[in-house]
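Just so you know, these numbers come straight off a predicted model, no measurement behind them. Quick note on labels: first sequence line is chain A, next is B, and so on, each numbered from 1.
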Protein chains: 2
Amino acid sequence: MSRKPKSDGEAYLTATLSKGLEVLEALAEVEEIGLSELARRMEISAPTLFRLLATLVASGYVQKSDSRYRLTLKSWEIGAKTVRRLKLREVVRPRAERLVERSAESAHLAVLQGAGVVIIDKVEAVQPVRVDTYVGQRAPAHCSATGKVILAFSPEDRVKEILDQSIERFTERTIVDRAKLMKDLAVARSRGYATNRGEWRADVSAIAVPLLDHADAVVASLSLTMPTQRFTDAAIKNAFLPALKEAAAAISADLGRAP
Amino acid sequence: MSRKPKSDGEAYLTATLSKGLEVLEALAEVEEIGLSELARRMEISAPTLFRLLATLVASGYVQKSDSRYRLTLKSWEIGAKTVRRLKLREVVRPRAERLVERSAESAHLAVLQGAGVVIIDKVEAVQPVRVDTYVGQRAPAHCSATGKVILAFSPEDRVKEILDQSIERFTERTIVDRAKLMKDLAVARSRGYATNRGEWRADVSAIAVPLLDHADAVVASLSLTMPTQRFTDAAIKNAFLPALKEAAAAISADLGRAP
DNA sequence: AAAACTATTTCAATATATGAAAAACCGCAA
DNA sequence: TTGCGGTTTTTCATATATTGAAATAGTTTT
């Protein structure tokens, strides 16, 4: 049932569909937009874009009013069905809530998806100073606590594959040297958690632990994210780490028992 | 910047894009699937589907492993950006949490989207018997409390437009008679809330109130959903309604003050 | 009321998508 | 092993859908 991987992976693509999906993605970046402006941005002719948009409207992905276009929630609905299959969230949610109570910081549940991680659930702490994150947000794997901890517990070839795609520098603290990064992951694996001090976004830090299934495979990560100012060694040692470990243990146990 | 509406709205569609989106939607219905089975379901030739899938894979919407296809979280990521723009959730979340504490039932935040409503946030109550709902779920407008209350407070021509598309019968309690439905909406408008006793899904009931912006336009609805058994007149009158009214008033005030 | 936009529509040239059929691959049974 | 019934992938000639220039139409600005 499986074929040998094709040498030329670029073949057999349908251009029109690609373009339509690009339109969708471009629309996600703006509140709303007119035809000609979008045509300029995408470097695509107006009539072509006009037809693509007409199709997206007809299919329910885009709303048009007064010749302005904006996304509907349709792609989100489709995605929600996918997310829902990850039972993970149901299991994690109550544990994450307790975690937030104990630590007073915001918890995130994230999974590896392509070359990065995606936040699939979040419990926000009541704090005057908060970090701007949202459910559905994508983060780079190599410079987020949540991504690094998943990589640390993933098979080595999988890690290499991902790092081949993405060791972009975001701040001066981003670890872009491959060897150093591998060492960082090794440390995370031996300690059982990963941290990130402003490696992705300046002044934002996080600590993350892996969530393991019955076979000890990592399926997601649980993290606490906060302004770097509150990310002190004392807090990590006395508050964050114990709370995370306990939550992760409970969750991993839940997952292990699940069918 | 606005054109006169076209008489023939069906023109100018690009078939390939439509088909590709249909593939996406079909994939959302299953955990994972092989090429030939999907081709049969969609009544589309195998080579064509093969190319569409290859494109979706290349664009990151679909994952392929061992000749089995499944959706990634990409469409959800795109949708999340859209949802995020609805600041609504941030405002509503804390109020909804208190609402759930007070009522001991699950709260839903929903917006009108096309011919139905979509749940954009949910706070689940701790109850041994719960109703199966999820964030991202679509519900019909004409037979859900949340949909009816939005319709009740919407301009009449907008309501007509929606009801022209969808008065499907789901249970024996679904109101499918147009006149009766309009009367039901009128009652909801005068009372300030709508209810649904098993009109959509048997044994599931709900009560919903509108969330109004500064201009008294309805932007969403807040509801409590539960097994019909717990949906007693006494509970509605003494617990659900007061709690909902209070929450809605607070939220509408919040929205009114917002820029 | 023209000028300067934007959005639609038309249309002929052309690039693209199409499905039949063939090839390649897989799991299984004899 | 070989062959069979299923799958997926590739090729290719053909039909078709897509394309952008240019014309048309509507809107806003000057």
Within the supplied structure, the quantity of interest is the number of heavy atoms (other residues, nucleotides, ligands) at a distance under 6.0 Å from B/Arg158 CZ; does it exceed 12? no
For [Y], is there an ion pair with [X] - N to carboxylate O distance below 4.0 angstrom?
X	Y	value
A/Lys74	B/Glu25	yes
A/Lys81	B/Glu29	yes
B/Arg84	A/Asp132	yes

[X] [atom1] - [N] [atom2] separation (whole Å):
X	N	atom1	atom2	answer
A/Arg40	C/dA4	CZ	P	16 Å
A/Phe50	D/dA25	CZ	P	15 Å
A/Lys64	C/dT6	NZ	P	16 Å
A/Asp66	C/dA7	CG	P	11 Å
A/Arg68	C/dC5	CZ	C1'	14 Å
B/Leu53	D/dT7	CG	C1'	14 Å

Within the sub-3.5 Å range, which N or O atoms of nucleotides 17-19 of chain C have a protein N or O partner, and how far apart are they?
{"from": "C/dA17", "atom 1": "OP1", "to": "A/Ala15", "atom 2": "N", "distance (Å)": "2.9"}
{"from": "C/dA17", "atom 1": "OP1", "to": "A/Thr16", "atom 2": "N", "distance (Å)": "3.3"}
{"from": "C/dA17", "atom 1": "OP1", "to": "A/Thr16", "atom 2": "OG1", "distance (Å)": "3.4"}
{"from": "C/dT18", "atom 1": "OP1", "to": "B/Lys19", "atom 2": "NZ", "distance (Å)": "2.4"}
{"from": "C/dG19", "atom 1": "OP2", "to": "B/Ser45", "atom 2": "OG", "distance (Å)": "2.7"}
{"from": "C/dG19", "atom 1": "OP2", "to": "B/Thr48", "atom 2": "OG1", "distance (Å)": "2.4"}
{"from": "C/dG19", "atom 1": "N7", "to": "B/Arg51", "atom 2": "NH2", "distance (Å)": "3.3"}
{"from": "C/dG19", "atom 1": "O6", "to": "B/Arg51", "atom 2": "NH1", "distance (Å)": "3.2"}

Say whether A/Thr55 and B/Ser18, considering side chains only, have a donor N or O and an acceptor N or O under 3.5 Å apart. no
Side-chain H-bond candidate by donor/acceptor type, A/Thr146 with A/Ser221, under 3.5 Å: yes
Out of D/dT8, C/dT8, D/dT11, minimum distance to the side chain of B/Ser67 belongs to D/dT8
Treating A/Asp66 as the side-chain partner and A/Arg68 as the backbone partner, does any N or O pair qualify as donor plus acceptor under 3.5 Å? no
Residues from residues 28-37 of chain A lying under 4.0 Å of DNA chain C - heavy atoms: A/Gly34, A/Leu35, A/Ser36
Rounded at 0.5 Å granularity, tell me how far CD1 in B/Ile119 sits from OG1 in B/Thr133. 5.0 Å
Hey, could you give me the OH/CH2 distance between A/Tyr61 and A/Trp76, rounded to the nearest 0.5 Å? 15.0 Å
Ignoring backbone atoms, establish whether A/Tyr12 has a side-chain N or O less than 4.0 Å from OP1 or OP2 of D/dT9. no
